[in-house]
Amino acid sequence: MSYYFLIDCNNFYASSERVFDPSLNDRPVVVLSNNDGCCIARSNEAKALGIPMGAPYFEYKSFFAKHNVVVKSSNYALYGDMSSRVMNILSRYCPEVEIYSIDEAFLLFRGFEHFNLESYAREIKSFVHRATGIPVSIGIAPSKALAKVANRIAKKFPDRTGGVYLMDTDTKRTKALKWLKIGDVWGIGSRYAKMLQLQNVRTALDFIELPDDFVRDSMTIVGLRLKHDLMGKPSIQMEEVQNKKGIACTRSFHKDYTEFSELHERIATFASVCGRKLRRQGSDCNLVQVFVRTNPFKEHLPQYGRSVCIKLPYPTNSTLELTKHAVRGLKMIFKKGYHYKKAGIMVMALTPSASKQLNVFQNSDPRHLPLMKAIDRINLLSGFNVVKLGSQDLKREWKMNRNQLSPRYTSKFDDIITVNAHYPKEETEA
């Protein structure tokens, strides 16, 4: 029999901050979104104060000061590196790993019938914490959906479970599904939850007692697979890592832009980011979507938002060609007299670069391929974008408002922790 482990890092962003700053331990910590907008992560102490997810920083600023809440800006470089460290450790324990999110992973154990899975999970939990400083909770069950439920129990009742919960009997499964509210079931969003509540479905146990025909008709085959998974019949399989089907780069600006030249520079920068990501995964794009939007919160100003999709004459991942078409799209939708707050581009209809379909009349410039490789290599070795397009601001680095940003302890040499060692003076003989 196979068992799924769901390893979930506890309060991952806050825990990553605490690894390098132990003074944050046992203190309420919140992490803010881009441009220090709202709370996207909270420590247990912050949750106990009643701080909701998504709380706007400007509204809660005085509350944070009153209750000595530590506020941190999003440090994605740090979080991404800490996530990679955790996932690399997990891959040592099991060959079948599905990285579900930055702080979650499924592990599928086959042929471990004679192993004590709970002890093995505690070994994983202990080693991850020793090696990275990140605390994790582990749920173990015969299916992915039940592993999610087991993980929720492990995290909800740490004193009783020690952060690990094994759901290996029907009695445990029934008790857990009776306890779990329907709105908290993995894969059931608010719309389905409301629909099921109208059918007097209050818990996950009520859900699995529904007829298969009703679930399939109301929630498609995906809902039916979820039901079977919760019944202990594995129906949701492990997913392989796949290339992205679309890549986007969007930003809210630190101030309103009114001139075309300002948006032109931003769109060129976004195209450069998308081009680099396309080349990294070996893909070309055939469609480029560009959008602009004013600030909806400034109701006293005229509002405008529009997007346009440009079909490319040939597949490409060249930054030069992507920028040319993206700027053409910007010219089509830009209107004078508006205060623009956000813009972005998305590249879509991706195809493998190694097997592109050539056009009889028009194709990507073959000279761009070695040029892009050289630019990517220079920028990678330099650690920052030293080679840019002429349409980009050569002196400008795109920076979000991150006034509470912690150092990039693990990915920037200047931010590496310095340890000062003091040696005791040698005692002289009398």
Side-chain angles (χ1 to χ4, degrees), residues 33-37 73-77 80 244 246-281 283-285 287-295 305-310 312 316-336 338-348 350 364-365 368-369 371-402 405 408 411-412:
S33 62
N34 292 344
N35 293 310
D36 290 348
S73 301
S74 296
N75 192 339
Y76 297 120
K244 296 179 180 179
I247 296 173
C249 183
T250 68
R251 293 290 188 275
S252 295
F253 309 133
H254 68 287
K255 66 175 184 177
D256 293 348
Y257 288 158
T258 57
E259 300 299 325
F260 177 82
S261 60
E262 295 174 312
L263 288 172
H264 179 285
E265 193 278 332
R266 289 292 84 202
I267 290 297
T269 299
F270 300 160
S272 176
V273 173
C274 289
R276 183 174 67 250
K277 291 182 178 180
L278 281 171
R279 295 189 293 273
R280 188 181 300 164
Q281 75 169 32
S283 297
D284 291 338
C285 78
L287 293 173
V288 175
Q289 186 180 52
V290 184
F291 80 88
V292 293
R293 194 169 68 204
T294 56
N295 191 340
R306 191 180 171 190
S307 66
V308 63
C309 198
I310 305 293
L312 306 187
T316 183
N317 60 22
S318 166
T319 295
L320 298 173
E321 292 167 341
L322 291 174
T323 300
K324 179 180 71 174
H325 294 292
V327 171
R328 179 161 64 92
L330 177 62
K331 290 178 180 178
M332 296 168 63
I333 61 177
F334 176 80
K335 285 187 177 182
K336 190 76 174 175
Y338 290 96
H339 292 70
Y340 295 97
K341 183 62 177 177
K342 189 173 184 178
I345 77 169
M346 176 179 286
V347 292
M348 301 175 291
L350 306 189
S364 178
D365 191 329
H368 289 188
L369 179 60
L371 176 62
M372 293 299 111
K373 284 184 177 180
I375 291 175
D376 289 344
R377 180 169 178 77
I378 293 171
N379 287 333
L380 178 63
L381 294 175
S382 302
F384 52 89
N385 293 327
V386 295
V387 181
K388 298 183 179 182
L389 299 182
S391 54
Q392 294 178 254
D393 188 338
L394 303 183
K395 296 181 180 180
R396 177 178 180 179
E397 285 291 329
W398 174 254
K399 294 182 179 179
M400 296 182 287
N401 287 329
R402 294 192 289 179
L405 185 64
R408 293 166 52 180
S411 57
K412 187 177 180 182

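We're numbering straight along the sequence, starting at 1.
Closest approach of Gly246 and Leu350 over heavy atoms only: N-CD1, 3.9 Å. Across all their heavy atoms, Ala343 and Leu263 have their closest contact at CB-CD2, 4.3 Å. Contact record, Ile345 with Ala326: CG2-CB, 4.4 Å, taken as the closest heavy-atom pair. Between Cys285 and Val288 the shortest heavy-atom distance is SG-CG2, 4.1 Å. Listed here is the closest heavy atom pair of Met332 and Val308: CE-CG2, 3.7 Å. Taking each heavy atom of Cys249 and Phe270 in turn, the nearest pair found is SG-CD2, 3.6 Å.
By the 4.5 Å heavy-atom criterion applied to side chains, Arg328 and His325 are counted as neighbours. Side-chain contact between Val347 and Lys277 is absent, with no heavy atoms from C-beta onward closer than 4.5 Å. The shortest side-chain heavy-atom distance between Lys373 and Arg377 does not fall under the 4.5 Å cut-off. Counting heavy atoms from C-beta outward, Met348 and Cys309 have side chains that approach closer than 4.5 Å. Taking the side chain as every heavy atom from C-beta outward, Leu322 and Leu312 approach each other to under 4.5 Å. Using a 4.5 Å heavy-atom threshold, the side chains of Leu320 and Met372 count as touching. Counting heavy atoms from C-beta outward, Tyr257 and Val292 have side chains that stay 4.5 Å or more apart.
Donor-acceptor pairing under 3.5 Å is recorded for the side chains of Glu265 and Thr269. Between the side chains of Ser261 and Glu259, no donor N or O sits under 3.5 Å from an acceptor N or O.
Every residue two or more places apart in sequence or in another chain was checked for a salt bridge (Lys or Arg N to Asp or Glu O under 4.0 Å) with Lys255, and none qualifies.
Summarising the geometry, atom CD1 belonging to Ile247 is positioned 6.5 Å from atom SG belonging to Cys274; distances are rounded to the nearest 0.5 Å. Within the model, atoms CG of Asp256 and OH of Tyr340 stand 11.5 Å from one another, a figure rounded to the nearest 0.5 Å. If you take NE2 on His368 and CD1 on Ile375, they are separated by 9.5 Å, rounding to the nearest 0.5 Å.
Here the options are Thr319, Asp284, Asn317, the test is side-chain hydrogen bond (donor to acceptor under 3.5 Å, both in side chains), and the partner is Arg279; only Thr319 passes.
Ring pair Phe334/Phe260 is perpendicular by interplanar angle, where above 60° counts as perpendicular and below 30° as parallel.
Judged purely by atom type and a 3.5 angstrom limit, Lys342 has no side-chain atom pairing as donor or acceptor with the backbone of Thr294. Distance alone, capped at 3.5 Å, places no donor-acceptor pair between the Ser74 side chain and the Tyr76 backbone.
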